[in-house]
2 protein chains.
Amino acid sequence: MHATKRETEILNTVRLKGSVTTMELAEMLGVTDQTIRRNVIPLVERGLVKKVHGAIVAPDRLLEAPFHRRMLENQDAKQNLATVVAATIADGDSIMLDAGSTTSYVAQALVDKKNLTVITNSAQIASTLAPNPTNKVYFAGSELRSDDSAAFDAQALKTFNQFDVQYAILSATALHAQRGIMVQKAHEAELSRMLISRASHVIVAADSTKFDRKSLISVCEFSDIQTLVSNEAPIGELAEALETNNVFVSTPNT
Amino acid sequence: MHATKRETEILNTVRLKGSVTTMELAEMLGVTDQTIRRNVIPLVERGLVKKVHGAIVAPDRLLEAPFHRRMLENQDAKQNLATVVAATIADGDSIMLDAGSTTSYVAQALVDKKNLTVITNSAQIASTLAPNPTNKVYFAGSELRSDDSAAFDAQALKTFNQFDVQYAILSATALHAQRGIMVQKAHEAELSRMLISRASHVIVAADSTKFDRKSLISVCEFSDIQTLVSNEAPIGELAEALETNNVFVSTPNT
DNA sequence: CTGCAAATCAACATAAACCAACATATCCTT
DNA sequence: AAGGATATGTTGGTTTATGTTGATTTGCAG
């Protein structure tokens, strides 16, 4: 294993876990801690990671935002279910991607697809998928909120409304047997409904911590969606509600 | 086995595995490592693979993108002039930021400002400045081009047109005594003119490599701008033209 | 504040990879 | 078949990456 490959490994690990010790990296990559320190120098120079005594950490600006904290919560679960969602999408498909920590993982899992048409209201997702020259990426919205650099204004609705796509990939704050898909803010709900109305196949991506909870606003019934992708299969009442409404449930194991 | 056949073999292996050592290839193809090194040279020249010490690796698609190459060219100069631009901007100011490698550095230099109102057509700049909760960031545009994740469509023009700001910060491809500010594409020029018309103070950020050159389209006369920020002061005819039109020239030394 | 352990850094040694130059083999043309 | 051009192998010196050792710094408990 050469230095360059180790650099990308280090970067990935730091981005995934937020921080990692020199020793952990040394063991993981089968070299001495000294070599790790040397490999980290160019990464620090490029501002991609930061060094503190005892560990390599992601730069502050990424960690401070609440959104980035959500990116770090349940990261394994989100990573896994993102892979499952990505497996559903084929080269050349057209998709709408809602803003959210889970959907950001989905976007990351889609970088190697080709010829995608992507419409999203998240600046982060847009700049993840736009650099691929085979893709066609549209940003929906104008006024960005600071939390996650995403737009939920009239312009966002208007842009989504112009398109008809194969898949809409939604995030959610809660899933509840009686109340269906739920989110925290009224304008998030409104936007989600727009995505649902413009896609022939609606995929909800939500990790199992969202199960059997309520949030503030109900976005839609389960009958309005086609697929739920999660890290675990739901059980009990929620599972029944999904089955009754013919929602296909997809998990890493199936 | 001929050299050309080995070349395709090398390319396939690199694409399949991401990276491979010279020795592995030598063994696999039954020739010495020296021959492999020679066979790799034309592949590197064509940009199909990259060499690092210890291995041949697939080129980092993102880094090879023209925009990212521009980000790396004249890094110090751009960094310096970005600091100068940032010094001009005060907390609470309203600014429009054009897409470009130089303006990306400016955005980076503005992260610690507070209460900025920012309108930009670059997704990258938007996601640099939006996470600061004291800022108000608007993204202008919908259809992103892959090169730099920026928008130059009608929607972008329309959004910029809604605002009136204190500063417009423009990038440029060339500055020429007779032809003024120049860029490479017609829609870039159109967008720049929109920014100029909506700002009370126009700042052009351009490093000294842009001086005394021509590009395809003329954006505006020097009389239309107020400030030029660069890493070096221009000389000769260009300096005269700027002075005649009362353009204030600002550099890291002044 | 002091002392200790862990982490870091600096300097050197070694091994691996690299490159340049020359020697040899192979191919192609006439 | 001869000769030139090209490709490959070989050799030796140069650079780079890694490991090792010991000195220095840092964080923390008492």
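Here is the naming used below: chain letters follow the sequence lines, and residue numbers restart at 1 for every chain. Since the model is a prediction, treat every value here as computed from it, not as a measurement.
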**Study point:** Heavy-atom protein contacts under 4.0 Å, nucleotides 21-30 of chain D, coded B base, S sugar-phosphate only, - none
**Key:** -----SS---
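The CZ-C1' distance, from Arg37(A) to dG19(D), rounds to 13 Å in whole Å. Rounded to whole angstrom, the span from the CG atom of Asp33(B) across to the C1' atom of dT10(D) amounts to 11 Å. Rounded to a whole Å, the NE2 atom of His2(A) is 13 Å from the C1' atom of dA17(D). With rounding to whole Å, Arg38(A) atom CZ is found 18 Å from dA7(C) atom P. Distance Ile56(A) CD1 to dA7(C) C1': 11 Å, rounded to the nearest Å. At whole-Å resolution of the value, CD1 in Ile41(B) and C1' in dA7(D) are 13 Å apart. At whole-Å resolution of the value, CD1 in Ile36(A) and C1' in dG19(D) are 13 Å apart. As a whole-Å value, the separation of Arg6(B) CZ from dT26(C) C1' is 12 Å.
Under the rule for a salt bridge (charged side-chain N to carboxylate O under 4.0 Å, His left out), Lys5(A) has no partner lying at least two apart in sequence or in another chain. Among residues two or more places apart in sequence or in another chain, the side-chain hydrogen bond (donor to acceptor under 3.5 Å, both in side chains) test is passed with Thr209(A) by Asp207(A). Checked against ring pair (Phe, Tyr, Trp, His ring centres under 6.0 Å), His2(A) has no partners two or more places apart in sequence or in another chain.
Scanning residues 21-32 of chain A for heavy-atom distances under 4.0 Å to DNA chain D yields Val31(A), Thr32(A).
Atom CG of Asp91(B) sits in a crowded spot, with more than 12 heavy atoms from other residues, nucleotides or ligands closer than 6.0 Å.
For the residue pair Ser101(B) / Lys78(B), a side-chain donor-acceptor distance below 3.5 Å is found, with atom types taken as modelled. Under 3.5 Å, the side chains of Gln184(A) and Ser215(A) contain a donor-acceptor pair of N or O atoms.
Checking the phosphate oxygens (OP1, OP2) of dA17(D), no side-chain nitrogen or oxygen of Lys5(A) falls inside 4.0 Å.
Across all strands, Val40(B) comes closer than 4.0 Å to no nucleic acid atom at all (heavy-atom distances).
For residues 28-38 of chain B, the set of pairs meeting the side chain to side chain donor-acceptor pair (under 3.5 Å) definition, not counting sequence neighbours, comprises Thr32(B)-Thr35(B), Asp33(B)-Arg37(B).
No side-chain heavy atom of Phe139(B) sits under 4.5 Å from any side-chain heavy atom of Ile125(B).
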**Study point:** From CA spacing to verdict: side-chain contact (heavy atoms from CB on, under 4.5 Å), Val49(A), Val40(A)
**Key:** CA-CA 8 Å; Val49(A) 302; Val40(A) 163; 4.3 Å; yes
